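Here the structure is a predicted model, which is why all the values come from computation and not from measurement.
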Amino acid sequence: MSQNLCIGIAGLGTVGSGLVEMLQKNHDEILRRTGREITIKAVAVHNIAKKRDLPEGVLLTDNALSLADDPDIQVVVELMGGTTVARELILRSMENGKSVVTANKALLAEYGREIFALAAEKNVALGYEASSAGAIPVIQTLRDSLAGNHITSVMGILNGTSNYILSEMNSHGFDFPTALKEAQDLGLAEADPSLDIDGQDAAHKLVLLIRLAWGVHYDFSKLAVAGIRGLNPLDIQFAREFGYRIKLIGQARDENGKIEAGVFPALVHHSMLLARVNGAYNAVRIEGNAVGSLFLHGLGAGSRPTASAVLGDLLALARRDSVNSAEANTGFINTLPDAKILPSDEAISPWYVRATVRDTYGVLRDIATVFAEEGISFAQIIQKAATRDDCVSLTGEDCVSLVLMTHETTGNAIKAATHRLHENGTLLIPATCFRILASSGNEAEGA
Ligand code: HSE
């Protein structure tokens, strides 16, 4: 084993700086654990003129691709993000026989098939612990620790920014724009928060977890994705009254060999651990036929927490005799097939429906008729006179909110029923509908 592990880092933003900091701060610990120095030969940055806090002797370049061609560099750490230069850098590094560590969820979700195939062909390692749920070691958990299981479901809170916004709306009664602004002021949400609040970031992570759980490629463009943009505080209040919290959930389940997956805001019962994940935290709940259920909780973003995951990958490589080995990148030995997909709208779950209706006779009868015709059974119904003002401001008419909780049904049935009721004028505006997260029945997570 050579004495040093020589790395090049592309990107010195939040995660890259955290990595450089922790490599220095934990130097002695790392050496004791691996018996090798991890040395940074070069760092690629966008703006080479900006002053950087780097160890002596580290080369600074604005040409990220030069890391791929440097014969001294054994591992390229890609922390620049994006799917253009980052993709080129990773592919070229692998072509040149280098192993790669990356935090790039978008790249691995959208171009995973190409990247994993090249890693296998070139027999190089691809470390991506930091790409899903930040500091939480979910990649290693699914790929290694739970490798002896048949996984039945993976669900989680995979976006800290959205979870922060929802937590603030829930605990302080903020409306969506106020909570978003607060997240932006704290530096949690980007100036353009779309990736986080529209569910795409969580969707990227979910596709990676599906690959690890079931050894299949789930085409990212086929994943059903809904975010939390514009969520009405009324729904947070109603959910609370029924004993639920609204969370942005990424969920995938094995339904008789088909994968049912999606990212969506859902009602989560307060007794479930997921309901209690607050602020910018992430959590992942995994069910397997040997392990039962497992719950992982931690910071999903941030400089040191994400660097912790990158370091985990680097140390794993440093411990190997040869860093150039594709062993278990995906966790499966063969080329991965495409996932057989059960469309999310065909999956069964209970639903929450908020209908905005005139407060007059016959309305409930009309709703009950259409729901019955679509095969949907009610579990609970409440009408709130106190929502009259909110409704009037939305519709300009005298109206109230009627909240219906259903027994198990499909998204297709809910869409059909609410569409018909809007078309025939019973609903004054389109209904707001959320899935209610089904617990597995053995959900002894405490009250
Ligand atoms: N922006 C993400 C989040 C972290 O808020 O969780 C990086 O994926």
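Atom-to-atom distance recorded for L428:CG and C399:SG is 5.5 Å, nearest 0.5 angstrom. The CD1 atom of I90 sits 10.0 Å away from the CD atom of E114 when rounded to the nearest 0.5 Å. Here the CG atom belonging to L336 is positioned 7.0 Å from the CZ atom belonging to R211, to the nearest 0.5 angstrom. In this structure, the separation between CE on M272 and NZ on K247 is 12.0 Å, given to the nearest 0.5 Å. Here the straight-line distance linking atom CG of L206 with atom CG of N159 works out to 12.5 Å at 0.5 Å rounding. Rounding to the nearest 0.5 Å gives a distance of 5.0 Å between CG of L314 and CD1 of I7.
Shortest non-hydrogen contact noted between I414 and C433 is CG2-SG, 3.8 Å. Heavy-atom minimum distance, F434 versus L267: CB-CD1, 3.7 Å. The minimum heavy-atom distance linking S303 with G18 is given by the pair OG-CA, 3.1 Å. Across every non-hydrogen atom of G250 and V263, the tightest pair is CA-CG2, 4.1 Å. Considering every non-hydrogen atom in both Q184 and A191, the closest pair reads NE2-O, 3.2 Å. Heavy atoms only, all atoms of each residue included: A147 and R143 are closest at CB-O, 3.4 Å.
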Tell me, with the steps shown, if E346 and E255 meet side chain to side chain contact (heavy atoms under 4.5 Å, CB included).
-> CA-CA 11 Å; E346 290 175 26; E255 293 286 341; over 6 Å; no

Begin with the C-alpha distance, continue with both residues' side-chain angles, and end with the deciding distance and a verdict on side chain to side chain contact (heavy atoms under 4.5 Å, CB included) for I246 and N170.
-> CA-CA 8 Å; I246 296 184; N170 182 57; over 6 Å; no

Criterion side chain to side chain contact (heavy atoms under 4.5 Å, CB included) on L142 and V284, from CA distance to verdict | CA-CA 11 Å; L142 280 169; V284 185; over 6 Å; no

Output, in order, the C-alpha distance, side-chain angles, deciding distance and verdict of side chain to side chain contact (heavy atoms under 4.5 Å, CB included) for D198 and V225.
-> CA-CA 8 Å; D198 292 331; V225 183; over 6 Å; no

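Of the possible donor and acceptor atoms, one in the side chain of R36 sits under 3.5 Å from a partner among the backbone N and O of A318. A donor-acceptor contact shorter than 3.5 Å is absent between the side chain of S131 and the backbone of N104. Panel note: side chain Q74, backbone C6; a donor-acceptor pair is recorded below 3.5 Å. Judged purely by atom type and a 3.5 angstrom limit, S167 has no side-chain atom pairing as donor or acceptor with the backbone of N278. Under a 3.5 Å cut-off, the side chain of E168 and the backbone N or O of F174 do not form any donor-acceptor pair. Looking at K205, its side chain does come within 3.5 Å of a backbone N or O of L158 through a donor-acceptor pair. The backbone N or O of L188 lies less than 3.5 Å from a partner atom in the side chain of T161, making a donor-acceptor pair. The closest donor-acceptor contact from the side chain of T406 to the backbone of W351 lies under 3.5 Å. Side-chain N or O atoms of N163 include one that pairs as donor or acceptor with a backbone N or O of G279 at under 3.5 Å. The closest donor-acceptor contact from the side chain of T14 to the backbone of G302 lies at 3.5 Å or more, if one exists at all.
Put simply, the side chain of V357 reaches to within 4.5 Å of the side chain of L427, judged on heavy atoms. A heavy-atom distance below 4.5 Å is found between the side chains of L60 and V45. Counting heavy atoms from C-beta outward, Y128 and E78 have side chains that stay 4.5 Å or more apart. No side-chain heavy atom of R52 sits less than 4.5 Å from a side-chain heavy atom of V20. Within the 4.5 Å cutoff, the side chain of R253 has no heavy atoms near those of the L342 side chain. In this structure the side chain of I382 reaches within 4.5 angstrom of the side chain of F238, judged on heavy atoms. In this structure the side chain of V138 never reaches within 4.5 angstrom of the side chain of V154, judged on heavy atoms. At a threshold of 4.5 Å between non-hydrogen side-chain atoms, the residues V58 and I9 do not count as touching.
Under the 4.0 Å criterion applied to side-chain N and carboxylate O atoms, E287 and R285 are assigned as salt-bridge partners.
A side-chain donor-acceptor contact under 3.5 Å links N96 and D69. Between the side chains of T61 and N63, no donor N or O sits under 3.5 Å from an acceptor N or O.
Two rings, from F332 and F116, have their centers 6.0 Å or more apart.
Counting heavy-atom neighbours within 6.0 Å of E182 CD, excluding the residue itself, gives a total above 12. Atom CZ of R33 sits in a sparse spot, with 12 or fewer heavy atoms from other residues, nucleotides or ligands closer than 6.0 Å. Heavy-atom neighbours of D53 CG from other residues, nucleotides or ligands within 6.0 Å: at or below the threshold of 12. The number of heavy atoms from other shown groups lying within 6.0 Å of NZ (K41) is above 12. Atom CD of E190 has 12 or fewer heavy atoms from other residues, nucleotides or ligands within 6.0 Å.
The aromatic rings of Y281 and H297 lie parallel to each other, their planes meeting at an angle below 30°, with 60° marking the opposite boundary. The aromatic rings of F242 and Y352 stand perpendicular to each other, their planes meeting at an angle above 60°, with 30° marking the opposite boundary.
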